[in-house]
Amino acid sequence: SFSIKGDNYDHLPEIKLESITASEPLGTDDIRDASFGLDDRYFKLRAEQQGQSERVYQVSYSATDASGNKTIAEAAVTVGHKP
């Protein structure tokens, strides 16, 4: 006899901040208080751009369920240009 382990819905997946990138070169203080590899949802992004275009930060998180299934989700944070 054998059993098959099912892939049930996991209500508490492990969430991790994977990366933060930007459309412009970043200075040392442009991203602050970010803890990569942890469930960090509170960090600071500098609201400033170089030149005439908007700065866009790309924030990536992973979610891994109890069965080991992993997915990556990304969100864009846009800092507008002030005339």
Problem set entry | Nearest-0.5 Å distance that lies between atom OG1 in Thr21 and atom CD in Gln58 | 5.5 Å
Exercise. Step by step, would you call Leu38 with Leu17 a side chain to side chain contact (heavy atoms under 4.5 Å, CB included)?
Worked result: CA-CA 6 Å; Leu38 300 176; Leu17 175 61; over 6 Å; no
Exercise. To the nearest 0.5 Å, what is the distance between CZ (Phe43) and CZ (Phe36)?
Worked result: 8.0 Å
Exercise. Just wondering, do Val77 and Val56 contact through their side chains at under 4.5 Å, heavy atoms?
Worked result: no
For this session: Identify, with sequence neighbours excluded, every residue that meets side chain to side chain donor-acceptor pair (under 3.5 Å) alongside Tyr57.
Result: Arg55
Exercise. Is a side-chain N or O of Asp40 found less than 3.5 angstrom from the main chain of Ser35, in a donor-acceptor match?
Worked result: yes
Exercise. Is the shortest heavy-atom distance from the side chain of Leu45 to the side chain of Asp30 under 4.5 Å?
Worked result: no
For this session: Decide yes or no on side chain to side chain contact (heavy atoms under 4.5 Å, CB included) for Arg41 and Tyr61, but give the supporting numbers first.
Result: CA-CA 9 Å; Arg41 302 178 198 198; Tyr61 282 93; 4.0 Å; yes
Seminar exercise, completed: To the nearest 0.5 Å, atom OH of Tyr42 lies from atom CG of Asp33 at 13.5 Å
Exercise. For Ser60 and Glu74, what are the C-alpha separation, side-chain angles and deciding distance, and is it a side-chain hydrogen bond (donor to acceptor under 3.5 Å, both in side chains)?
Worked result: CA-CA 4 Å; Ser60 298; Glu74 296 182 338; 3.1 Å; yes
Problem set entry | Those residues that, when tested against Lys70, pass side-chain contact (heavy atoms from CB on, under 4.5 Å) (two or more places apart) | Glu18, Ser62, Thr64, Ile72
Exercise. Could you give the distance from CD1 (Ile20) to CD1 (Ile31), rounded to the nearest 0.5 Å?
Worked result: 4.5 Å
Exercise. Taking the side chain as C-beta and beyond, is there a heavy-atom pair between Asp29 and Arg46 under 4.5 Å?
Worked result: yes
